Each structure stands twice: as C-alpha cells, then as structure tokens.
Amino acid sequence: MKGAIDKIIALSGGDSPDELQKYLSSLKNDQLITVITSSALKGKTVGAMIKGIFEGKCTWSHVATVRMNRRLLVYQHCIPLCESGNLQTEVVADIIGLLMLETHTLSGPSLAQLASLFVEAIKVGKMGHGKSLELFPTVLTALAACEALSYGKGELSGEEYKKQLINSLCSSRWDPQCVIHLTTMFRDVPLSLEELQFLIDKVLRMFTKLDLQEIPPLVYQLLLLSAKGCKKQVLDGIIGYFKEQDARQEEEQKNGESLDLEVQSIPQDQLRHVEGTAILHIVFATRLDHDLGREFLKSFKMSYGDLCPFSAALLLSVARIQRYEEQVFDLLKGAIIKSFKDEQLQEGSKFLQDLLPRHCSVAQMILDTVKNSIFGWDHVTQGLVQLGFVLMDTFGPKPGPFGKTTEGSASIARTPAQLACKLGGQVLLHGFKMHEPIRGEILEQVLNRLITKTASPVNHYLDLFSDIVISAPMILLESSTKVTETFDHLSYLPLATVQGLLKAVQPLLKVSMSLKDALILVLRKAMFSSQLDGRKSAVIGFLLLLKNFKVLGSLVSSQCSQTISSSQIQVDVHSRYNSAANEAFCLEILSSLRRCLSQQADVRLMLYEGFYDVLRRNSQLASSIMQTLFSQLKRYYEPKQDLLPPMKLELCITAQGDQVYLQEPLAHLVSCTVHCLLWLRSMRRTADPSTDSSDDDEQEEEGYQSELQTILESMTRRMIKCEMEDFELDKSAEFSMGSSVGMKNNIYAVLVMGVYEVLMEYTFLKANYSKSHFEELMQLFNHYRKLSEILREKSGKGRVLSHKTPRSLLSLGFISTLLTALFRDSTQSREEALSVLRSNGEFVRYALSVTVQKIQQLEDTGHTDGPDGQNTDRTFHFLCDMTSVLMWRYTNIPGVVEEAGKKEKRCSLSQLCLEGLLRIFTTCQQRYPDKMGQLLSNMEDDGSVTEMNFFYIRQFQRALFTQLSGEEEEFNSKEAQLLVSILSVLSRQLKPGSKQFTQMITWTVKICKETSFEDPAFSKGLLSLLFNLHFLYKSPVGLLLELCQDIHCQLGDIDEDVEVEKQSNFNIVNIKTATNTAVSLLVLSQSDRMLDELDWLIARKKSCLASDKSASDEANQTAGEKKPMEKAVVLQLGTLLTALNELVQTALLPGICTITLLRALRRTYTTLTTLVKYYIQVCAMRHCALPTRFEKLVKLSGSHLTTQCYSFITYAQCGEISGGGADDKKKKKRAEVNAAASAKLLRETKAIPDLIFSIEQYEKYLITLSKKSKVNLMQYMKLSTSRDFRINAATLDAALQDQDNQQDAEETPEPSKKRRKQ
C-alpha cells in the first residue's frame, strides 16, 4: 500500500498526467479508499496524494466520467473519515481545505449527491465532531450556481434545490452534539430571511435538549449568526430560555422546601454561571454590533412586562457600554415606575382584577437579579449600584414649598415614587452585603449625598446608611476614615440630617474608640460654632451619646426607649472597665452641655427636651442632671414667698435693636424638671431596696428632690394667686407681632400659659386623686383659659393671624391618663375628686382639644413633644388607651338625656372625640400599618382583626344612622362628615370580597338611597365612600349612570320645553345637593377614574397586539371573540357614554361644572379615538370583521352623545353670556364680577374648541376604520350645523331687544314707549 501512495505522489509531481490517469484507472475503488485511509492515518502525505488523485486531464468522455466518479468517491470517503475522530486535527484541516478548493469542479449531480450525503449524515447523527461541516457551505454555494438539477421526476434550478435541502435539513431531527457545529456552519451559508427565521427557530428549540455547559458556545454562535438578521428573534429566544430555566428551578425549590427534599434537575450555581457567561457573550456582541443593542433596547421598551432576572442583569451589563448607559437607566426607571403604577391601579379596581391576572413585579425581578449576582456576576454589580442611586435620586422625597424640607420621618412607602425609592435602597443594601468590591463606592456615595444634598430631604439615604451599619458594622469599620471625614461637616448640615446620621453610627461608636474620639472632637468644636445650627448639632450629638453609653448601676426601666443595637456587635458595656470609662465619658459630656445654658433659646430648648430621655437611659447621671436643672431653675425663681409672680420673666427675654427675643424657654425648663423629678421618684419607689447605694448619695438626692418639690409647690400656690397684671399683661394690651411691645407681651403670655400647663400636669400626678389638689388644678386651668382667650381674641382682630396656637406642653402619657380619669375611671373612692374635673365642661373640651393636637403632630412628624414622644412603642400604647376611651365616650354619652343647654356642648365634645378617633386611625394606618389590629383589640370583643375592625364599623354605622333618623333641623353636619371619614378609613382594612365588606357596601347603598338631607358636604363624603367601595366590589359605571339620571332629574333639561321623567335612584341627590357643585364634580371625577382604567386596558391590548406572539396565537379568531377584555371595554364605554349623555342634557349651572363636563367629554372622545385606532391596527393585521358590540358603541356615540354635545355647547355659551350680565341688585359689584367672568369665559372658550377637535379626530379615524373594515361606520355620525358657530338672527334680535329694554328702564317711560312703537 505504501508503494501505491508513493507512486501516486511521484506521478503527480512529474510531467506525464496521462500516466497518472492510467495508474489511477487501474486502481479499484476499494483499493483507492484503502490508499486514502492509510495515508490519512499516517498523516504525512495525504495532502499530496489527494492532490495527485485530483490532477490530470482527459478529453475522452468516458474517462472523464470515471474521473468525476473518482472525485466524488474521494469526497464521499473523506467526509466520514474526517468525522471518525481517528485523524489528527492538522490532517483533517488539510483534507477539508483541499476538498473545498476542488468543490467547484464537481458536476451538478455529484454536488447533489454530496449534499444529500451531508444531510443524511446529520439526520442520523454522524456529524458529532462537525469537522467536515466546514465543507458543506461550499457545496451548497456551488450547488446554487448550477442551472438545472433533477429532482424527483422533474428538474429544479440549483437555487431552488438548495432551498429544498435546507428545508429538509431544518425539518429533520438533529443530534444535540452537532447543534453548535451546524449553527457555526450556517454562518457561511447564504440564506433568505424566511430560511434564517426557520433555522434560528430550530436552533432555539434545541436549547432544551442540550447540556447546560453547551449553551454559552451556542449562544455565541447564534449571536454571530444574527449578523445576517433576525436579531430580535435570537435575543428573545435566548432570554426566553433562561427565563424558563429560572422559573423551573424556582418551582423545584418551592416543592423541595414543602417536601423537605432537595430535587434539582439543574444545580443553581451551575445555571447562574452559565447565565453569566451568556450575558458576557451578548454584551461583547453588542459592543461590536450596535444594531443588536438597538434591537434589544427596542424589544424591552415594547414589553417591559416580560422582564426577568436574566434580562434585567443583561440590561445592567449593557449599561456599561457608554452609548447605551443613559437609555438603559431611563428604560429601567420607566419600567419600574410603570410597574408600580400598574400594580396600584389593578389593586384599586375589581374590574381590572377580574379581567387581567396579576402582572409579574418588576421590583421583584430586580431584587432577584441582585440575589443572583452573587454567583460571580461582576459585570452586573456596577450597573446595580448605578440603578440603586438613580432610583433613590429620581424618586426620593422632594423639598417642600420655598425649599423647606419636610419635618419628621417618612411614613410607609405607598406611592409609586416612594416604592421605587425604597427599591433603590434595597438594591444598594443587598449589594453592599453581597459584594465586597462595591462596598466602598456605595458608602462613599451615600455619605457624599448626605453632605451635599442640604436643600432636599435625605431621610431615604439616612435609612439606607442605618441599615448598612446594622447589617455589617464590622465591615463598615474598615471604611471608618470616610465616616470620620463626614463628621467634619456636621456643623454645616441640617439638624434632621445630623440627628439621623449620629443615630445611625451609634453601634460603631461602641466598638471604635478612634471614631468616638473623632466625633467628640467635632462636637466640641461645633459647640463654639458661630452658626446656631452648628451648636444645635453639638447638643444633638452629645445627647445621643449620653443616651447610648450606659453607666453601670443605672436602673432598668420598662419605659426605656429601644436601644440601637446589632446582633453582629458583641460589646460588654457592663464590664467594670467599660462602665467606669462610660461614666467618666458621660460626666465630661454633661460638663460640655452646661455651656449651652447660656446660649440661645433654641439650643436650651433642645437640651431640656433631651434630658428626660438621657435620665431614663442613664439613671446614674441623675445627680448631675438634676443639679444642672435645679441651678438653672433657681435663676428664674423668685425665692421670696410673698412676692408675685414666682418667676422672673424679665430675665427670660432679650432685646436687640427694636426686636425682642425669647432667651429662656422657661415653661420647657419647668416641664423637664417636673418630668425628671417624677420619674426619679417613681423609679426609686419600684427599685430593689437591696441595691448598693451610699448613704451620702441618697441624702444628696433626697435633698435636692425635696427642695425642688418645695419650689414647685410654691410656684403652684403663687401662680394660683397671680392675676394677669402681675405678669405685666392686660386684656387691653397690644399683642401684635409687629411691635416690640406686642412681641414682648406675646412671649410673656406663651411662657405663662406653658407654666400653667406644666403645673396642671404636676398637680394632677402628685394629687393622688385628692379633691383639694384637683380644685387647685381647676384654678390653674381657669387662669390658663383666661389668658388663652385673650390671646386668641387679640390675634383674631388683625387681617393675618399674628401667631400660631402654641403647642401644648402636656405630655402624651398624661393626656392618655387624663382622658381615662375623665371618662372611664369608675373607682368609688375617686368619684368625688374626679367630679371636680368632670363638672367643668371647658376643661373637658380643653383635654380633648389637646388630644387632637398631639395626635395631629404625631401624624405629621412621627413623634410628639415631651416625654416618650420619640418612643414609638410607648406612643402606640398611649394611642391604644386613648382609642378605647374616646370610643367609649362617644358611644355611651350620646345616649344619656341631657339638658338643652348642655346638649350643644355635648355635641361639640362628641365632634372632638370623633376627630381624635379619625386622627388616631389615620395615623395608625400611616405610621403603624401592621399594628391596626392591635389598636382595635382594646375593645371587649374578642376575635380576629377583621371582626374587631368590623365591630368598630358597626358602632359608627349605628351612630350615623341615629344622626340620619332624626329631624333635619337636629342634623349635625360636621359630626356626620367625621363619621363618614372614619368609616372610609376603617373600610380600607376590610378584605374585598369578605362578607363584612359586602355588608359595608350594602349599608352604604341603603343610606344613599334613603337619606334625603340637603347637606352637600355630607352628601359628597358619603358618595365618595360609596364609589371607593364600589371600585373594589365591581365596576361602578352602573352607579354612575343612576347618579347622572338623578342629577338630570333634579336640575332639569337644557331644553326648557322638555320635561324630564321624575325618578329617583338615590334620595341623597336632591335639588340642593344637585345644585351644589360638589356632587356633580365628584361624579365627573369618578368618570375620569373609569376612563383611566379603560385607557390602561386599551394600551395593554395594543402592546399585546404589537407582539408577534399575540398575533400568532390569535390569528384565527375574530376581533370580537378573542378575549373578554375587549367586550368589557366596549360595554364599560357604552354605559359611560349613556351616563354622560344624561349629564350633557342637564341644565348645569354655568361655571366650574360646565367646564369640567366639557373636559370629561373631550377625554371620553379621546378614549374612543384610541379604541378606534386599536381596531384599525387589528384590521390591518388580521382582516377580521368588527364586533357588533363595537358598531353599537359607535352608533351610540354618534346618534346620541355627539348630537347632544353640540346642543350643550350652545347652552354653555348662552349660559356664560347671560351669567356675564349683572342684575339690578348687583350693579355695585359689576366691576368685581367682570374679572372673574372674563377668566371663566376664557377657560370655557378653550374647553369648547378642545372638545370639538377631539370629536372631529374621532370621526377622522372612524372614516379610516370604515375603509379598512369595509363597514360604513359614518352612517351613525351626523354633522352638526352648530359647529360653524354661525350667528342666530333670532337670538341676536332677542338679546339686542333685552339690552334696549334695560337701557330704557333707566330713562323715562315715555321715550321707551316710543321706541317700542318704532
């Protein structure tokens, strides 16, 4: 065999091709095959030998045929030989290279046989190595160049033959091993668009049959193949595959957890690594092919709802490419906020919930991406950091009016913007925990924003920083230098930012001495700052340190606020060394804080408000704190017992130029002293007598405590004796804030009132229910009330209130105790003493007013003034107690028969109780949403949260029914409105679909149908409640129609000759409530809300229609039979048109109602136009018939609504013209009326053209739809003659004659008669 090989090589190199041809002819096919195989296995001479076989020319046809067959035989043998795997890679490359060079010399039939060989080999799975597939594109190209080839019994051109081969190949079963090789091979095959789509679809379907490790190289080859086209199909297929794998694994994980098994078809870490590699391939391809990037972003923009963790990670990786960065984050921002809005819209509407399943949450997909990124997705992490900050920057809280930041902590995230901001914080927090490389960047950016964003609220960044500290304090210590640098800016930051920042770093200060020393140094400098806010920052910082560094031996109090701690910090602060160090540290801080007592009132005020919390946390500091307060109080206390008043008020103020300022907040000083003293006494009584304490310390404490008590009792006694003149105040004095005298009097009055309040609280708490002490309390209150009334009276005289009502200094805990004593305490031994308080109606009203004020402050800021005001647990406990008392007071007292003179006061007290309850319920929903059941559980009714909530609802329903059962003269509108507001708040706690919710809506409908009181404000509140319930129960469009019929019936028709049929669906709509704009505007606002839902549904349908998947799934269905969604939209719009048709015929009063109705009509026609455009799109894609329901809707809009719209426009214009004139009685006000009438006319004239334009746009697209659908929809539309606004001669003559009559009436009667004759 070696000789044959050498001879062929030798002859091929010589000059005698005939001899070579002769020798080759002498070899049989088997011998030739053997020679080729042997040469290939040796690997050295196979190239030269094959060249020799292919060489030589022959002019004889029979020899040429033999030679061609020999060539074909070489091809047919070499292809399987290369696939056998027995040859070296270099040898295979040489063979394939030679075969490719000679392919063009093969005849058409030979090429056809060779192509068939490839196809059959692929079908039976003999192309596992894929080395010979490089030859196949050359064969197909040569085949396509042939003119004619036999195919079956006929002939095909080479191009058509190639298409048949490709179709056969893509339709056959592929061995998974050869999928990658085939995809690579097809890159070199010229394909039409249809063939390319078929091929890509085939490859994508093979994904599930491949081993997971083979997916990334296949993805790479597919991306290279996408250079030919079908980029969207490739990307959608890849993303869809990984989305399906993620869903399958999540399902397996859930099943495994429920069965306590670990069943995973694909290991999670393996899947995540494969996904990460695929993402890298796509990003690399996108860098090289910008069309691929544009197609990807365009595809995501069209259907953000298909977002999955893989596509989110892919988007964030693509964002690293600079040209796509801005687009990606804009797309993600839009998708996230739209997702939240869609969820909110769907949650608030039963109509939408029934039509559509809940959509996947984009926020959850983003969080899953963060979770998945732990598996080495370094290319995603940077995008996650950017996304987190983009969301927090864009959707974070905004500054209030005039750049002021909102006070207090943020409530629970509810709006889409708040939820998006919260998502950004979660992304950054999870990223910080999982990825070490990005921690420094996250921390640096958070701290930079805290420093630089001084004009905007930074609560969201403070919350994030606090979460980072708590979750990873030891990691944060590695970046302590950044925190230290932030401390240097403390004196320049807003107080709220300083407080939040220092609260957040407290756990770090306990484990880092260097950090604590740096902060102390900064705070000491700030104490001497020239800026007031800098000194306030120092006070805040020092007080926080005192509260959080506990001294050994401090009493444990159940009333202590929650400590800032972390499970990851294990510090023994109670060891002997630490406690000693802490005590020295705290005493040093206290000495620094004493300097504040000589500074401005605001600085002192912060100190007084903080001392109580410090004392409660560190009772060992009691001696220093109490001595500080004692010495400060003595400066303003008059020790001579026979002198009045007992305070030196002149020391509490200071003057600068012609301005008078408060220097010492005396009332807060007394309040702080009282609360600290009372707490110490209570804790000493409950403390263990065996605790170690030196006799000297006890004697010292008893000394200043008894002395303080003597001072307070003396102040109480002398303040009772004081008259207003003793404070240099007189009821005739000036209290305006415009002069120094008025300002001084105001400051004195507020200080004295504050001291009276503090002494009232002190007297009550030390009274131990003694009648004499309560009588003293009443005397203090009478003085307080007298001063308060004078201040209110004087401030009300000016055009602008000279001051706001000062906040009460009564603590929330005392208010809770006082309310219980006034209304619920039935202890026999206390009856006589409490009767002193209860008999004074003004005091009871005052207690309720302060209650409402405190709860309002809690609702607005999240905390209250005074002790326990910052402690959320204690505050909530007080709310629970007050809820029970107020509820008992309201539900029990009205049943008692009272005298007519007291009844008015009782109603006023009932209103205060209701207002307090409303504020409590609202505050709880905003600040403590998870504790609503606990708040309601104070009632005696035991049961679930829903049952307790419904128990309250029944109580308020009964109270409202009692109100409505009486005569209308006795009806208390304000109380009824409060009841409706409370029912609205409590009904939000009911689960839609529950029997309680059904009872609630049934009761509300019954009340609306049966109540006929002419109270517009109450009617609006009740109807608003009804609509809100209806949206969660079913679509309220039927309710809207009935209300529109009632309004039409009450106000009459725009055509005076038409008599409206008398009907009444809801008695609450009567002539007074219908005439008032509130009810009509409410109905129109609800129609807007329904149009929002319809617009959203139509937009969803259009987006589904735009996707190829939806089109293919529904191709064989008519437009009207596809889904119930279209049917629901058309029916809803039909009923809405009928309702508006009622309103458009109603003689509404000119003004805001008319304008709002015109705008609602314009919006309705815009929605109709959108629906018509949708059907135009449907007809263009599917050539299907229009549903009959839609035709009926068009008929309804044309024959009824449009015609009436033009009549209403005429009515509105006439009403405006007549409304612009003035009656004889109003001539003096004509100048004032003209300006308002002109503005109104401008608004209305703008609304009318907008409406007509929207009608004409609707008709324009109807014409287009008629042409597309071959249905004449314009037969229902009648062009109105009023659209040209031509002058009506008869109307003009009548108007001119009326004008003449008015002018004649001002002259003598005789000339007027002559004019009439003329």
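These numbers were taken from a predicted model, which means no experiment stands behind them.
Neither side chain, N1141 nor T1138, offers a donor N or O lying under 3.5 Å from an acceptor on the other. For the 3.5 Å distance criterion, the side chains of S1035 and Q1132 qualify, holding a donor opposite an acceptor. R807 and Q853 are not linked by any side-chain donor-acceptor pair at a separation below 3.5 angstrom, with hydrogens and angles left out of the test. Of the N and O atoms on the side chains of Q926 and T922, not one donor lies less than 3.5 Å from an acceptor on the other residue. Looking only at atom types and distance, the side chain of S1085 has no donor-acceptor partner in the side chain of D1088 under 3.5 Å away. Between S1197 and Y1165, the side chains place no donor N or O within less than 3.5 Å of an acceptor N or O (distance only, hydrogens not considered). If you check the side chains of T1167 and D1095, you find a donor sitting under 3.5 Å from an acceptor. At a cut-off of 3.5 Å, with distance as the only test, a side-chain donor of N972 or Q911 sits close to an acceptor on the other residue. Between D1046 and Q1050, the side chains place no donor N or O within less than 3.5 Å of an acceptor N or O (distance only, hydrogens not considered).
Residues E915 and L978 share a closest heavy-atom pair of N-CD1, 4.1 Å. Among all heavy-atom pairs drawn from I1255 and C1205, the shortest one is CD1-CB, 4.3 Å. Summarising the geometry of R824 relative to S884, their closest heavy-atom pair is NH1-OG, 3.6 Å, with the distance given to 0.1 Å. The minimum heavy-atom distance linking G348 with Q353 is given by the pair N-NE2, 4.4 Å. Of all non-hydrogen atoms in A847 and L822, the two that sit nearest each other are CB-CD1, 3.9 Å. Smallest separation of non-hydrogen atoms from A976 and L960: CB-CD1, 4.0 Å.
Annotation: side chain of L1196 is not in contact with side chain of K1192 (no heavy-atom distance under 4.5 Å). P1036 is not listed as a side-chain neighbour of Q1086, based on a closest heavy-atom distance of 4.5 Å or more. Between K341 and Q344, every side-chain heavy-atom pair lies at or beyond the 4.5 Å cut-off. Put simply, the side chain of L1193 reaches to within 4.5 Å of the side chain of L1168, judged on heavy atoms. Annotation: side chain of K1006 is not in contact with side chain of K1009 (no heavy-atom distance under 4.5 Å). Residues N840 and Y846 fail the side-chain proximity criterion, which asks for heavy atoms closer than 4.5 Å.
Looking at T1011, its side chain never comes within 3.5 Å of a backbone N or O of C1008 through a donor-acceptor pair. In this structure a side-chain-to-backbone donor-acceptor pair under 3.5 Å is present from T1073 to I1068. In this structure, R927 contributes its side chain and E859 its backbone to a donor-acceptor pair below 3.5 Å. Side-chain atoms of S1087 come within 3.5 Å of backbone atoms of L1084 as a donor-acceptor pair (strictly under, hydrogens ignored). Under a 3.5 Å cut-off, the side chain of S987 and the backbone N or O of S984 do form a donor-acceptor pair. Between the side chain of T1210 and the backbone N or O of Y1206, at least one donor-acceptor pair lies under 3.5 Å.
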Worksheet item: Is there a side chain to side chain contact (heavy atoms under 4.5 Å, CB included) between L983 and I953 once you walk through the steps?
Response: CA-CA 6 Å; L983 287 171; I953 288 176; 3.9 Å; yes
Discussion item. Show, in sequence, the C-alpha distance, side-chain angles and deciding distance for R845 and E842, and conclude whether the salt bridge (Lys or Arg N to Asp or Glu O under 4.0 Å) test is met.
Written reply: CA-CA 5 Å; R845 184 176 292 103; E842 290 300 327; 3.1 Å; yes
Worksheet item: What's the verdict on side chain to side chain contact (heavy atoms under 4.5 Å, CB included) for L1161 and L1201, showing C-alpha distance, side-chain angles and the deciding distance?
Response: CA-CA 9 Å; L1161 289 167; L1201 187 60; 4.0 Å; yes
Discussion item. Between L352 and E347, does the side chain to side chain contact (heavy atoms under 4.5 Å, CB included) criterion hold? Intermediate values first, please.
Written reply: CA-CA 8 Å; L352 296 181; E347 285 173 4; over 6 Å; no
Practice prompt. Output, in order, the C-alpha distance, side-chain angles, deciding distance and verdict of side chain to side chain contact (heavy atoms under 4.5 Å, CB included) for Y1211 and S1207.
Written response: CA-CA 6 Å; Y1211 164 78; S1207 302; over 6 Å; no
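Counting heavy atoms of neighbouring residues, nucleotides and ligands inside a 6.0 Å radius, atom CZ of F971 exceeds 12 of them.
Ring planes of Y952 and F921: perpendicular class, angle over 60° (limits at 30 and 60°).
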If you look only at distance, which donor and acceptor atoms sit under 3.5 Å apart when one is on a side chain in residues 1018-1034 and the other is two or more places apart or in another chain?
unit_1, atom_1, unit_2, atom_2, d
S1019, OG, D1015, O, 2.8
N1028, OD1, R1089, NH1, 3.4
N1028, ND2, S1024, O, 3.2

